[in-house]
2 protein chains.
Amino acid sequence: MQVHKCSMTFDKEKSAGFLVNHMARLFAKGLQEKIAPLGIVTGQFPVLLELWEEDGITQKELLAKLDIEQATLANTLTRMERDLLIKRTRHPSDARAQQIWLTEKARLVRDQAYEAARQQNAAALVNLSEEERARFLSTIQKIIGTLRQNNAS
Amino acid sequence: MQVHKCSMTFDKEKSAGFLVNHMARLFAKGLQEKIAPLGIVTGQFPVLLELWEEDGITQKELLAKLDIEQATLANTLTRMERDLLIKRTRHPSDARAQQIWLTEKARLVRDQAYEAARQQNAAALVNLSEEERARFLSTIQKIIGTLRQNNAS
DNA sequence: TGGACTTGCATAGCTTGCTATGCAATATTA
DNA sequence: TAATATTGCATAGCAAGCTATGCAAGTCCA
């Protein structure tokens, strides 16, 4: 049955922004449950992804890879140090900068963390065809590109 | 050029969870800028959407429409009361419950808020074809359905 | 070489999400 | 009807995002 609504309404179930926010919260919740046993949390995940690729880099170099604000990263790093996931050492040739190093603890959970993320993605996309998944990811990438340009302007 | 990576890696640019999180932050940032002049913020938006449809309902009734936690809603309502967007009155027949009412201030910004959200959605989706947009929204709805089931289990 | 910019990072303070817990009012039941 | 359970909401405390600001170290010139 079709229900008529007056012209000045807003259907949140058809609003991209609303849906995207809802989906992101559900994704985060699922991932959180899966990585909690590893002693890491969702906000640390993107940072760890970069450091597992390469550590010993400075906060600034890390920041360049992340698209979060500098203050957000600084706070996340502080919590990661508290949780014994990283160590920070003075940069040898610039006393302002620090080098960020993974601890053994952080290295050890890498493969399990990758696996947890893969499982979360798989669980979320389980009802989609291979084609639908590919389209979905490519559309998101397009949108991110568009929005980044808007904000940068 | 194709670069080979060893099997145990994780490409965040192909990870649905990573991309969804990034996109959601960009959406929120864009909306925030557009509604700030109206004196409202992003977390209040879903609450307002429901109250613009119907106010005088209880917190519990509101909660049932929102898929956020009860504590999150209670805190958001407290800030909205502080910002003079709502009033809370005791429920006539249940002293535990409260009725939530929009203020005139909140009613006045409704149409502009709708318009801001529409513009944000339009800006984000501007590079997509009509078909791609429809597919995108429908895929998100599927994923939300899947993830909600997972969490509820 | 000293004063003025710039840079790298930290801190303060906010929002919006979460879990866990507390508490008074209501409902149920022995 | 008194004891118990449930319900509706608030509070505490944390994470992770943001903007704005501070500050020490480095750089650049006049």
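In what follows, chains are A, B, ... by sequence order, proteins preceding strands, each numbered from 1.
Using a 4.0 Å heavy-atom cutoff across all strands shown, B:T78 reaches no nucleic acid atom at all. At the heavy-atom level, B:Q59 lies under 4.0 Å from the strands shown only through sugar-phosphate atoms. Using a 4.0 Å heavy-atom cutoff across all strands shown, B:A28 reaches no nucleic acid atom at all. Heavy atoms of B:Q32 sit nowhere under 4.0 angstrom from any nucleic acid atom. Among the atoms of the strands shown, only primed sugar atoms or phosphate atoms (P, OP1, OP2) are found under 4.0 Å from some heavy atom of A:R88.
If A:G43 and A:D94 are placed on DNA chain D by their nearest nucleotide, the residue sitting closer to the 5' end is A:G43. Toward the 5′ end of DNA chain D lies the nearest nucleotide of B:E61, the other residue of the pair B:E61 and A:A95 mapping further downstream. Heavy-atom distances to DNA chain C give each of A:T58 and A:K29 a nearest nucleotide, and the one nearer the 5′ end belongs to A:T58.
Closest to the B:K60 side chain, of the nucleotides D:dC9, C:dA10, D:dT19, is D:dC9. Comparing C:dG17, D:dC18, C:dA20 against the side chain of B:T72 picks out C:dG17 as the nearest. Here D:dC9 is the nucleotide among D:dC9, D:dA16, D:dC18 with the atom lying nearest to any side-chain atom of B:Q70.
Contact annotation: B:T42 side-chain N/O to C:dT16 OP1/OP2 distance is under 4.0 Å. A sub-4.0 Å separation between OP1 or OP2 of C:dC14 and a side-chain N or O of B:R82 is absent.
Atom CG of B:L31 is separated from atom P of D:dG17 by 18 Å (rounded to the nearest Å). Put simply, CG on A:N21 is 14 Å from P on D:dG17, counting in whole angstrom units. Atom P of nucleotide C:dG17 and atom CG of B:N75 are separated by 11 Å, given to the nearest angstrom. One can place CZ of A:R25 at 15 Å from C1' of D:dG17, the figure rounded to the nearest angstrom. Rounded to an integer number of Å, the gap from CZ of A:R96 to C1' of C:dT7 is 4 Å. Rounded to an integer number of Å, the gap from CG of B:D67 to P of C:dT16 is 17 Å. Taking atom CD of residue A:Q44 and atom P of nucleotide D:dA16, one finds them 6 Å apart after rounding to whole Å. Rounded to a whole Å, the CD atom of A:E33 is 12 Å from the P atom of C:dC18.
A distance-only check finds no donor-acceptor pair linking the side chain of A:D83 to the backbone of A:I40 [under 3.5 Å].
Under the 4.0 Å criterion applied to side-chain N and carboxylate O atoms, A:R135 and A:E132 are not assigned as salt-bridge partners. A salt bridge is defined here as a Lys NZ or Arg NE, NH1 or NH2 lying under 4.0 Å from an Asp or Glu carboxylate O, and A:E54 with A:K65 meets this definition.
Between B:D55 and the choices B:K87, B:R107, B:R88, the salt bridge (charged side-chain N to carboxylate O under 4.0 Å, His left out) rule is met once, by B:R107.
B:N75 and B:R79 form no side-chain donor-acceptor contact under 3.5 Å, judged by distance and modelled atom types alone.
Counting non-hydrogen atoms of other residues, nucleotides and ligands closer than 6.0 Å to NZ of B:K105 gives a total above 12.
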